[in-house]
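Report on one structure; see the data block that follows.
One is the number of the first residue; the rest follow in order along the sequence. Whatever order the structure lists ligands and atoms in, that order sets their numbers, starting from 1.
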Amino acid sequence: MLRTLLSRSVLQKTTSSLAARSLAARSVSCTTVSYETVLVEKHENVALITLNRPKALNSINLQLIADLNAAVMAVNEDNDVGAIVLTGSKKAFAAGADIKMMEPLSFADTYKTGLFNDLEQVTKGKKPIIAAVNGFALGGGCELAMMCDIIYAGDKAKFGQPEITLGVLPGAGGTQRLTRSVGKSKAMEMCLTGNFIDANEAKQIGLAAQVYPNEELVVKSIETAKKIASFSKIAVAMNKEAVNVAYETSLQHGLDYEKRLFYASFATKDQKEGMGAFVEKRKPEFKDE
Ligand code: CAA
């Protein structure tokens, strides 16, 4: 049955019909929207997206990818939202790609459908995303956290790339983003042993920016997101873009890119407002123009 459900043609059809269903999310209240596997709440100018597939420890299947993409797209289009927090449950941010979904797939299934390519959509928006990681962030879960712009870890968080134990390797950026983030030796150790690291080690090696007690993690993440959202959205997007370019290019090209964006920021009203407010010793009022 599972094999039939996941046959190639069904996989393709499922991807598009799930995306369509996700776009038609049920509205629960003016500030909360629920998708089948994702919840979105607005906290003033911050969107909190919660992965909500608890029985499978938020493991990532096609429905969750479609829901997450629809949610991220919607909040990116919401002019009131300046930053996003992505979280899971206390037990699991996400315990990886859905192994039960993947088990029957053939090479042709994965290759022809571009399995997990769609997860990269999360990285395409201009608004910064903080991953608030409680519990397990394994395999695709760790990869999803690394697609975000900042990782905050709860003190019970566990990060790992255990794909080796399943006879495969990371398939959503783990070997690439982890290596860029923590260096070759640690990334190799994590990918080749499948061992998990805890929150403190994640902070020590630069994977997580901060560690907070589990109960405070989401509140602290929203606090930081609100601070980011209080700044000029154009300046925030330019900062995000410039830091991300550092991953893609040589130092000189990155420095030139940053300089062009820096000069371009002088074409915004927010630059006049921000610098003017400093000179006049008052709080700036950014208009995102
Ligand atoms: N896929 C599908 N189901 C999963 C899952 C996953 N990645 N992780 C957990 N689950 C399910 C379990 O099968 C179980 O379901 P049932 O109750 O129906 O049996 C339920 O979630 C609860 O899990 P456990 O009973 O295993 O919970 P635990 O506390 O004993 O262990 C865990 C937690 C250590 C995270 C363990 O579940 C585990 O090792 N999960 C798999 C982690 C993993 O290998 N992730 C990598 C996936 S491959 C990948 O991600 C590829 C890629 O790069 C894109």
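For atom 30 (O) of ligand 1, the nearest protein heavy atom is 4.0 Å or more away. Using a 4.0 Å threshold on non-hydrogen atoms, atom 17 (O) of ligand 1 does not count as touching the protein. Within a 4.0 Å radius of atom 25 (O) of ligand 1, the protein contributes no non-hydrogen atoms. In this structure, atom 38 (C) of ligand 1 has no protein heavy-atom contact shorter than 4.0 Å. Within a 4.0 Å radius of atom 1 (N) of ligand 1, the protein contributes at least one heavy atom. Within a 4.0 Å radius of atom 7 (N) of ligand 1, the protein contributes at least one heavy atom.
In terms of heavy-atom proximity, Lys240 sits nearest to Lys126 at CD-O, 3.5 Å. Closest non-hydrogen pair, Asn69 versus Gln121, comes out as OD1-CB, 3.3 Å. Heavy atoms only, all atoms of each residue included: Ser89 and Asn134 are closest at O-CB, 3.3 Å. Met101 approaches Phe116 most closely through the heavy-atom pair CE-CZ, 3.9 Å. Shortest non-hydrogen contact noted between Glu201 and Lys186 is OE2-NZ, 2.6 Å.
Remark: minimum distance from atom 28 (P) of ligand 1 to any protein heavy atom is reached at Lys91 NZ, 3.7 Å. When only non-hydrogen protein atoms are considered, atom 3 (N) of ligand 1 lies nearest to Ser59 OG, 3.8 Å. Residue, atom and distance of the protein heavy atom nearest to atom 9 (C) of ligand 1 are Leu57 CD1, 3.8 Å. Looking from atom 42 (C) of ligand 1 to the surrounding protein, the closest heavy atom is Ala95 O, 3.3 Å. The nearest protein atom to atom 4 (C) of ligand 1, hydrogens excluded, is given as Ala56 O, 3.9 Å; this is a heavy-atom distance.
In Met188, the CE atom is not crowded: 12 or fewer heavy atoms of neighbouring residues, nucleotides or ligands sit closer than 6.0 Å.
Per-residue contacts place Glu163 under 4.0 angstrom from the following atoms of ligand 1 (heavy atoms of the residue considered): 48 (S), 49 (C), 50 (O), 51 (C), 52 (C), 53 (O). The ligand atoms of ligand 1 that sit less than 4.0 angstrom from a heavy atom of Leu138 are 35 (C), 42 (C). Which parts of ligand 1 touch Pro170 is read off a 4.0 Å heavy-atom cut-off, strictly below it: atoms 53 (O). Those atoms of ligand 1 with a heavy atom of Asp98 less than 4.0 angstrom away are 1 (N), 2 (C).
For a threshold of 3.5 Å applied to N or O pairs, the pair formed by Gln161 and ligand 1 contains no separation below that value. Ligand 1 has no nitrogen or oxygen under 3.5 angstrom from a nitrogen or oxygen of Gly139. Considering backbone and side-chain N/O atoms, Glu143 comes within less than 3.5 Å of an N/O atom of ligand 1. Between Gly171 and ligand 1, at least one pair of N/O atoms sits closer than 3.5 Å. For the pair Phe116 and ligand 1, the shortest N or O to N or O distance does not fall below 3.5 Å. In terms of N/O distances under 3.5 Å, ligand 1 is not approached by Pro162.
Under the 3.5 Å distance criterion, with hydrogens and angles disregarded, no donor-acceptor pair is assigned to the side chains of Thr249 and Tyr257. For Asp256 and Gln252, the side-chain atoms include at least one donor-acceptor pair closer than 3.5 Å.
Separating the CG atom in Asn52 from the OG1 atom in Thr87 is a distance of 11.5 Å, to the nearest 0.5 Å. The distance from the CD1 atom of Ile150 to the CG atom of Leu86 is 13.0 Å, given to the nearest 0.5 Å. Here Arg260 contributes atom CZ and Leu255 contributes atom CG; the two are 11.0 Å apart, rounded to the nearest 0.5 Å.
Ligand 1 is approached by Lys55 to a heavy-atom distance shorter than 4.0 Å. For Met101, the heavy-atom gap to ligand 1 stays at 4.0 angstrom or more. For the pair Gly174 and ligand 1, no heavy-atom separation below 4.0 Å is found.
Proximity of Leu166 to ligand 1, defined as any heavy-atom pair under 4.0 Å, is confined to the side chain (atoms from C-beta onward).
Ranked by closest heavy atom to atom 14 (C) of ligand 1, the top entry among Met102, Arg53, Lys100 is Lys100. Of the candidates Ala94, Gly141, Gly194, Gly140, the one placing a heavy atom closest to atom 50 (O) of ligand 1 is Gly140.
Looking at Asp98 and Leu62, their side chains never come closer than 4.5 Å, going by heavy atoms from C-beta outward. Side-chain atoms of Lys127 and Val75, non-hydrogen and from C-beta on, never get closer than 4.5 Å to each other.
Here Glu289 does not pair with Lys287 in a salt bridge; the nearest charged N to carboxylate O distance is not below 4.0 Å. Salt bridge present: Glu120 and Arg177 bring a charged side-chain N and a carboxylate O closer than 4.0 Å.
Phe262 and Phe266 have perpendicular rings, their planes meeting at more than 60° on a 0 to 90° scale where under 30° would count as parallel.
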